[in-house]
Amino acid sequence: MTYRSRAHLYRTAALAVSIVALTSCGADAPAAEDDVAPISAPTTISEGSSTSTAAEEVLAGDTFASPEDADRSDVESTARVAALILHSWDTTVDRTETAAAVRAKPLMSEAWAANQIEPERNASNGDWLKPAEHRAYSVPRAVPAIGDAAQDVAPDKAIRVLDVTWRWVARDETPLEGTGQRQVTLYLEKVDGRWDVVGHQTRDLTAAVGGQR
């Protein structure tokens, strides 16, 4: 299959997914708490004394999902872990949101991984101000989007849509109000028995992030 025909196939499927996602979003109740447990995300952390290991050496107290958490033979596992990593940020080390996408590169095809380049400025800088004051990190949760959003385009091609929410955990234990919510669409291809993310896009579902809006 040529690149042009493959791109046309994805665009056609993506249009169908977008229509379903837009009509289903907001009409249904949010997922129950039992359905949105993160891979590893404690409600509080303890950094210990000032001589503890620097936060820069351990992202989010070692609570973030990692590419190794994904079962690459399973499209659902690969998509969910990718969605979590894409929304895992540590304000002590991350300069932009794209830093998370860079950490997700092991789950991506070589071509898509090459596109993960950090911009000069963080588009969410205003939303990060309060969390950054308290050296906070995000705690994301991801669940399949409501409705028939997922598409199996072909035996080796799939589209998965997940609703991702996150909150911020401050290292000084200051309560941070507000959450973020996005819908992420992931395009996946199976190569040699392993699913790769070959594209992704996100759509904001709420503007309440870190209590800034």
Side-chain angles (χ1 to χ4, degrees), residues 1-32 35-39 64-88 97-119 123 140-166 180-206:
M1 181 182 291
T2 66
Y3 174 82
R4 179 174 297 176
S5 61
R6 184 175 67 182
H8 176 72
L9 180 64
Y10 272 122
R11 283 196 297 270
T12 301
L15 178 60
V17 169
S18 297
I19 293 173
V20 173
L22 286 172
T23 57
S24 63
C25 180
D28 298 284
D35 297 331
V36 294
I39 286 180
F64 282 169
S66 69
E68 291 75 22
D69 293 323
D71 177 357
R72 302 297 292 280
S73 67
D74 181 68
V75 65
E76 312 296 344
S77 175
T78 303
R80 179 173 181 268
V81 172
L84 288 172
I85 296 176
L86 288 169
H87 296 85
S88 296
E97 286 192 10
T98 310
V102 171
R103 288 192 287 273
K105 288 170 66 172
L107 296 178
M108 302 177 184
S109 66
E110 183 176 346
W112 189 240
N115 287 319
Q116 310 313 310
I117 301 173
E118 285 199 73
R141 300 183 177 197
V143 296
I146 298 173
D148 300 325
Q151 298 287 329
D152 292 320
V153 182
D156 60 345
K157 294 178 177 61
I159 298 174
R160 293 295 181 265
V161 184
L162 294 97
D163 289 336
V164 182
T165 61
W166 68 90
Q181 185 176 7
R182 284 181 183 166
Q183 191 168 85
V184 56
T185 301
L186 298 117
Y187 305 90
L188 302 104
E189 289 188 4
K190 194 173 187 179
V191 180
D192 297 329
R194 189 178 77 168
W195 287 97
D196 291 334
V197 176
V198 298
H200 74 269
Q201 58 188 26
T202 61
R203 181 168 66 93
D204 284 328
L205 300 180
T206 181

Tightest non-hydrogen contact, residues V161 and Q183, listed as CG1-CG, 3.4 Å
Nearest heavy-atom approach of L188 to T78 is CD2-CG2, 3.9 Å
Indicate yes or no: at least one non-hydrogen side-chain atom of I159 is less than 4.5 angstrom from one of V153. yes
Given 3.5 Å as the limit, does a donor-acceptor pair link the side chain of R160 with the main chain of Q151, or not? yes
Between V197 and A82, the two heavy atoms sitting closest are CG2-CB, 4.0 Å
When rounded to the nearest 0.5 Å, the distance separating CZ of R80 from CG of D69 is 9.5 Å
Review item, side-chain donor-acceptor pairs of residues 103-111, under 3.5 Å, at least two apart:
| residue | atom | partner | partner atom | Å |
| --- | --- | --- | --- | --- |
| R103 | NH1 | D94 | OD1 | 2.9 |
| R103 | NH2 | S88 | O | 2.8 |
| R103 | NH2 | D94 | OD2 | 2.8 |
| S109 | OG | W112 | N | 3.2 |

Between A79 and L186, the two heavy atoms sitting closest are O-CD1, 3.8 Å
dist R72:CZ -> D192:CG (nearest 0.5 Å) comes out at 11.5 Å
Let me see the working for D163 and R141 under salt bridge (charged side-chain N to carboxylate O under 4.0 Å, His left out), right down to the final yes or no. CA-CA 8 Å; D163 289 336; R141 300 183 177 197; over 6 Å; no
Heavy-atom nearest pair, A65 first then L84, reads CB-CB, 4.2 Å
In this structure, CG of D156 is separated from NZ of K190 (nearest 0.5 Å) by 9.0 Å
Residue set satisfying side-chain contact (heavy atoms from CB on, under 4.5 Å) with T202, at least two apart, ordered chain then number -> H87, R182, V184
Note to self: Any salt bridge linking R194 with D74? Criterion: basic side-chain nitrogen under 4.0 Å from a carboxylate oxygen.
What the structure shows: no
Closest non-hydrogen contact found for Q201 with Y187 is NE2-OH, 3.4 Å
